[in-house]
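Data first, discussion second: the structure below is written as structure tokens.
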Amino acid sequence: MLVTTIPVTVDGQKTGSADLCAYIEDRLFEGEYKPAVLVLGGGAYARYSPREGEPVAMMYASLGFHAFVLKYSVVPNVYPVAMNEVGRALEIIREHAEDWHVDIEHLFLSGFSSGGHLALCYAEHRDVSFPKPAGLILSYPVISSGEFAHKPSFEHLLGSDTGSTEYEQLLDTVSLEKHVDAKKVPPVFLWTTWTDQIVTVENALMLARSLKDAGVNTELHIFRKGPHSLSLATKYSSAGAHEKNDAYVQTWTSLLKNWIFSILDEGNL
């Protein structure tokens, strides 16, 4: 496996370039290409969660994917810097597709919490020059800036200019259940837990309704219990947080495997 880190530079970055960490299977034959997943960890746009980065990349690698982790810019950077970094990261992957043997028709985004918000925000609001992902894997995502908002995520994403007309307009823009468009949003795999007290289940329910109304093919799983930020829900990904090692919720990756390979199979029909 080739492991490398590539700087990602876009306009508006206040803290330097973001980091694209690549985990690339390098023992492939000529003409052999593999799908890829770009992983976006959570952290309320204030920090980047390592538990939702490399462990997740290794899970995707075990399924036969090239895996990439984008350590996107957080505070004091504000919208749309992180979203544009996602687009540039996907461009970089596409630019190296021949060298890395990447199937560019099957580039997925996998986001956790605020990273899930970022993945869907990219799909909904990306510049038309940036590539459309083949599918979105959204794990306990931040979605709505309304009644059920995880307010710190939006405060960090949009900055401190609260109360202004521009801020209110942006707040509406990044309330993602309001802007689902089947022409922009690819198939979605969405999961959360009923007892998440940080990003409440209403976020996933509101999004699922909007996806249904827009005609976006969606698979939704709600586990009956479990805290926020479970990542893979394994001992490996829990980093010593025992409540995040949950054999019951670990099954989300098996459900995901069935979904993502069904997407790949449909693409080969």
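- With hydrogens and angles ignored, the 3.5 Å screen pairs a side-chain donor or acceptor of R126 with a backbone N or O of A123.
- No chain of hydrophobic side-chain contacts below 4.5 Å, direct or via other Ile, Leu, Val, Met, Phe, Trp or Tyr residues, connects V81 to Y79.
- In this structure, L28 is not a member of the same hydrophobic cluster as V102, with clusters built from ILVMFWY side-chain heavy atoms closer than 4.5 Å.
- Between the side chains of E202 and T200, at least one donor N or O lies within less than 3.5 Å of an accepting N or O.
- Between W191 and Y140, the distance separating the two ring centers is shorter than 6.0 angstrom.
- Under the 4.5 Å side-chain contact rule for hydrophobic residues, L190 and V180 share a cluster.
- A distance of 6.0 Å or more separates the ring centres of Y23 and F68.
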Worksheet item: Step by step, would you call D103 with H106 a side chain to side chain donor-acceptor pair (under 3.5 Å)?
Response: CA-CA 6 Å; D103 174 4; H106 292 109; 2.7 Å; yes
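- By the ring-ring contact (aromatic ring centres under 6.0 Å, His included) test, F108 is found to be paired with no residue, residues two or more places apart in sequence or in another chain being considered.
- Counting only heavy atoms from C-beta outward, the side chains of Y167 and D172 never approach each other to under 4.5 Å.
- H179 and T173 form no side-chain donor-acceptor contact under 3.5 Å, judged by distance and modelled atom types alone.
- Residue D11 qualifies as open at atom CG: its count of foreign heavy atoms under 6.0 Å is 12 or below.
- For K235, the NZ atom is loosely surrounded, since the number of other residues' heavy atoms within 6.0 Å does not exceed 12.
- Side-chain contact of E177 with S210: a donor-acceptor pair under 3.5 Å is absent, judged by distance alone.
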Fill in: salt bridge (charged side-chain N to carboxylate O under 4.0 Å, His left out) between E85 and R88, worked out
CA-CA 5 Å; E85 289 171 349; R88 180 61 191 135; over 6 Å; no
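- Checked against the 6.0 Å centroid criterion, the rings of H66 and Y60 do not qualify as a close aromatic pair.
- Side-chain contact between L70 and V8: present, with at least one pair of heavy atoms (C-beta onward) separated by less than 4.5 Å.
- Both F189 and M59 are part of a single hydrophobic cluster, where members link through side-chain heavy atoms under 4.5 Å apart.
- Taking hydrophobic clusters as Ile, Leu, Val, Met, Phe, Trp and Tyr residues chained together by side-chain heavy-atom distances below 4.5 Å, Y33 does not share a cluster with V37.
- H117 has its side chain out of reach of H150: every pair of non-hydrogen atoms, C-beta onward, lies at least 4.5 Å apart.
- For the residue pair N203 / T192, no side-chain donor-acceptor distance below 3.5 Å is found, with atom types taken as modelled.
- Note: W252 and F112 have perpendicular aromatic rings, judged against thresholds of 30 and 60 degrees for the angle between ring planes.
- Inter-residue side-chain proximity for N77 and Q13 is flagged as met; some heavy-atom pair is nearer than 4.5 Å.
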Practice prompt. Test side chain to side chain donor-acceptor pair (under 3.5 Å) on E98 and H96 and set out the steps.
Written response: CA-CA 6 Å; E98 288 299 320; H96 290 273; over 6 Å; no
Worksheet item: Does the pair F223 and T251 meet the rule for a side chain to side chain contact (heavy atoms under 4.5 Å, CB included), with working shown?
Response: CA-CA 10 Å; F223 294 87; T251 57; 3.4 Å; yes
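- Applying side-chain hydrogen bond (donor to acceptor under 3.5 Å, both in side chains) to S229 and the options E243, R51, K244 leaves one that passes, R51.
- For K257, the NZ atom is loosely surrounded, since the number of other residues' heavy atoms within 6.0 Å does not exceed 12.
- Under the rule for a ring-ring contact (aromatic ring centres under 6.0 Å, His included), H156 has no partner lying at least two apart in sequence or in another chain.
- Taken to the nearest 0.5 Å, the CD1 atom of I198 stands 9.0 Å off from the OG atom of S113.
- Between F130 and Y122, the angle of the ring planes lies from 30° to 60°, which puts this pair in the tilted group.
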